[in-house]
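These numbers come from a predicted model, not from an experiment.
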Amino acid sequence: MEVSENATMRGSLALVSIILPVHNAEQWLDECLMSVLQQDFEGAMELSVFNDASKDKSRAIIEKWKVKLENSGISVVIGGHDSPSPRGVGYSKNQAVAQSTGSYLCFLDSDDVMMPQRVRMQYEAAVQHPTSIIGCQVRRDPPDSTERYTRWINQLTSDQLLTQVFTSHGPTVIMPTWFCSRAWFSHVGPFDEGGQGVPEDLLFFYEHLRKGGGVFRVDHSLLLYRYHLYAATHSVLEMTIWTHRVHFLEEQVLPHWKSFTIWNAGKQGRKLYRSLTAASRHKVVAFCDVDENKIRKGFYCYEDSQERPKPKIPILHFQAAQSPFVICVKLDLTGGEFEDNLKSLHLQEGRDFVHFS
């Protein structure tokens, strides 16, 4: 049964709605909801919670906080269902958005904690960038988990927020930090409701970019971003994400290039080559690498090809290769050696190369 208690019926519409999907989150909810209460934003704010069939004490915790929040002037809308099984994050976020009233949407995960200035600072940015997804820097908990990923989230340049959208890291501003106008969300959305195993944030992000949306990051750490084994992220298969990424690369980048080189003659580079459509494979003029053994081999033969003769793709030293490049080397893993090699070629990211790893 769908349940929805709309507190905003009493008063005026909110300026910002905090969108909070909840599924069995009792362990984190008190801290999460305290961070909603502690926001220093002075405009009308609303919390829109959708409880996706939680079987723990989540509902009681939400009800307890409803009183505290409304006493502080933050209206609370609670929706949910108590079916035997959850309908997934995409569905829950869509429901929480649908039952909310704010002109702006601030997405929050139930296991994360906002800094007091988050809504205020992202609202200010969203007013300036009405067709952008606004993100922010994060602090990871535990601090030593996913160090490379956290560095990537926090240190991308404003240009890289748009050029590094093909990597395995996913959206260049992470979903739990998203803030955007309701009008823009409605133009792009809703989220895919396929449920467990669907990367709904990645698919929304790609659609956002297709529609010409921008990406802006507030350069302050405004979220404590938790890493734990129960996170919904872990339910998405790597192969599913890989397939979406390859498709997006073929749609957004490869049509603009007559030919290109795959940087990495190893496992990742060959996997990308094999994943491409025949039309895209025909554009691959070479693999390039620094590994002398691979270069000495001279070429990569695509054994599974239906073509006769089977394609043989040259393997060159990176200095002998032609741009543009699709780079299949993981960043931040070679002690700076790869980054130095790339820099030595004086290329422009986005035009002369894209990162795919």
Side-chain angles (χ1 to χ4, degrees), residues 5-22 25-51 58 61-79 92-93 95-130 132-141 153-154 173-185 201 216-226:
E5 304 161 22
N6 196 333
T8 50
M9 302 298 277
R10 292 199 313 260
S12 57
L13 302 184
L15 186 53
V16 175
S17 293
I18 295 169
I19 302 301
L20 180 63
V22 171
E26 64 178 8
Q27 192 178 339
W28 303 285
L29 264 179
D30 279 314
E31 227 183 321
C32 174
L33 293 169
M34 173 63 89
S35 78
V36 173
L37 184 67
Q38 292 175 337
Q39 290 304 297
D40 64 15
F41 179 64
E42 291 182 350
M45 201 164 65
E46 165 187 85
L47 173 67
S48 178
V49 187
F50 190 83
N51 181 12
S58 292
I61 297 168
I62 294 161
E63 294 290 351
K64 173 187 78 179
W65 277 95
K66 181 181 196 289
V67 179
K68 292 185 189 180
L69 290 161
E70 294 199 327
N71 286 343
S72 301
I74 299 167
S75 59
V76 180
V77 192
I78 303 171
S92 301
K93 283 190 282 218
Q95 291 296 314
V97 170
Q99 71 190 15
S100 71
T101 66
S103 308
Y104 291 86
L105 307 173
C106 174
F107 291 90
L108 177 61
D109 281 0
S110 57
D111 50 356
D112 295 333
V113 180
M114 298 191 285
M115 300 303 112
Q117 62 278 45
R118 180 188 171 190
V119 170
R120 173 173 56 83
M121 294 184 89
Q122 288 193 300
Y123 168 74
E124 287 164 3
V127 170
Q128 297 296 314
H129 304 274
S132 288
I133 290 178
I134 312 297
C136 64
Q137 292 175 323
V138 300
R139 192 155 54 86
R140 201 56 154 144
D141 180 47
I153 292 167
N154 289 335
V173 287
I174 58 164
M175 169 70 218
T177 70
W178 286 5
F179 192 112
C180 66
S181 74
R182 176 183 298 275
W184 185 252
F185 176 86
D201 54 346
F216 183 87
R217 188 185 66 222
V218 175
D219 281 340
H220 291 267
S221 181
L222 301 179
L223 190 79
L224 181 71
Y225 178 41
R226 284 219 171 90

So, do M115 and L224 sit near enough that their side-chain heavy atoms are less than 4.5 Å apart?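 Yes - at least one pair of side-chain heavy atoms lies under 4.5 Å apart.
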
Using side-chain heavy atoms (C-beta onward) and a distance below 4.5 Å, is L47 in contact with L33?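 Yes; the side chains approach each other to less than 4.5 Å.
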
Does any N or O in the side chain of [X] come within less than 3.5 Å of the main-chain N or O of [Y], such that one atom is a donor and the other an acceptor?
X    : Y    : result
E46  : A14  : no
Q122 : C180 : no
E70  : V76  : yes
S58  : A25  : yes
R120 : Q39  : no
W184 : P130 : no
S35  : V113 : no

One pair to check against salt bridge (charged side-chain N to carboxylate O under 4.0 Å, His left out): R217 and D219. What are the steps and the verdict? CA-CA 6 Å; R217 188 185 66 222; D219 281 340; 2.6 Å; yes

Would you check, one step at a time, whether the test side chain to side chain contact (heavy atoms under 4.5 Å, CB included) holds for C32 with L20? CA-CA 10 Å; C32 174; L20 180 63; 4.0 Å; yes

Do the numbers put R140 on top of the ring of Y225, so that NZ or CZ is under 6.0 Å from the six-membered ring centre and no more than 45° off the axis?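 Judged by the rule (NZ or CZ under 6.0 Å from the ring centre, within 45° of its axis), R140 counts as positioned above Y225.
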
Rounded at 0.5 Å granularity, tell me how far [atom1] in [X] sits from [atom2] in [Y].
X    : Y    : atom1 : atom2 : answer
E31  : M34  : CD    : CE    : 9.5 Å
L37  : I74  : CG    : CD1   : 5.5 Å
I19  : L105 : CD1   : CG    : 5.0 Å
S72  : W65  : OG    : CH2   : 9.0 Å
L223 : F107 : CG    : CZ    : 14.0 Å
D40  : M121 : CG    : CE    : 9.0 Å

Stepwise side chain to side chain contact (heavy atoms under 4.5 Å, CB included) test for C106 and R118: CA-CA 9 Å; C106 174; R118 180 188 171 190; 3.5 Å; yes

Could you give me the CA-CA distance, side-chain angles and deciding distance for Y104 and V119, then say whether side chain to side chain contact (heavy atoms under 4.5 Å, CB included) is met? CA-CA 10 Å; Y104 291 86; V119 170; over 6 Å; no

Looking at R226 and D141, is any side-chain nitrogen of the basic one under 4.0 Å from a carboxylate oxygen of the acidic one?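 Salt bridge flag = yes for R226 with D141.
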
Are D30 and K64 ion-paired here, with the side-chain N under 4.0 Å from a carboxylate O?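 Salt bridge present between D30 and K64.
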
Distance-minimising heavy-atom pair for [X] and [Y]:
X    : Y   : result
S110 : V22 : CB-CG2, 4.2 Å
F185 : V97 : CE2-CG1, 3.7 Å
Q99  : I78 : NE2-C, 4.1 Å
R182 : S17 : NH2-OG, 4.2 Å

Parallel under 30°, tilted from 30 to 60°, perpendicular over 60°: which one fits the rings of H129 and F216?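 If you compare the ring of H129 with that of F216, the planes turn out parallel.
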
Pick one: which of V218, I153, T177, N154 meets side chain to side chain contact (heavy atoms under 4.5 Å, CB included) with Q137?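 When V218, I153, T177, N154 are each tested with Q137, the side chain to side chain contact (heavy atoms under 4.5 Å, CB included) holds only for N154.
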
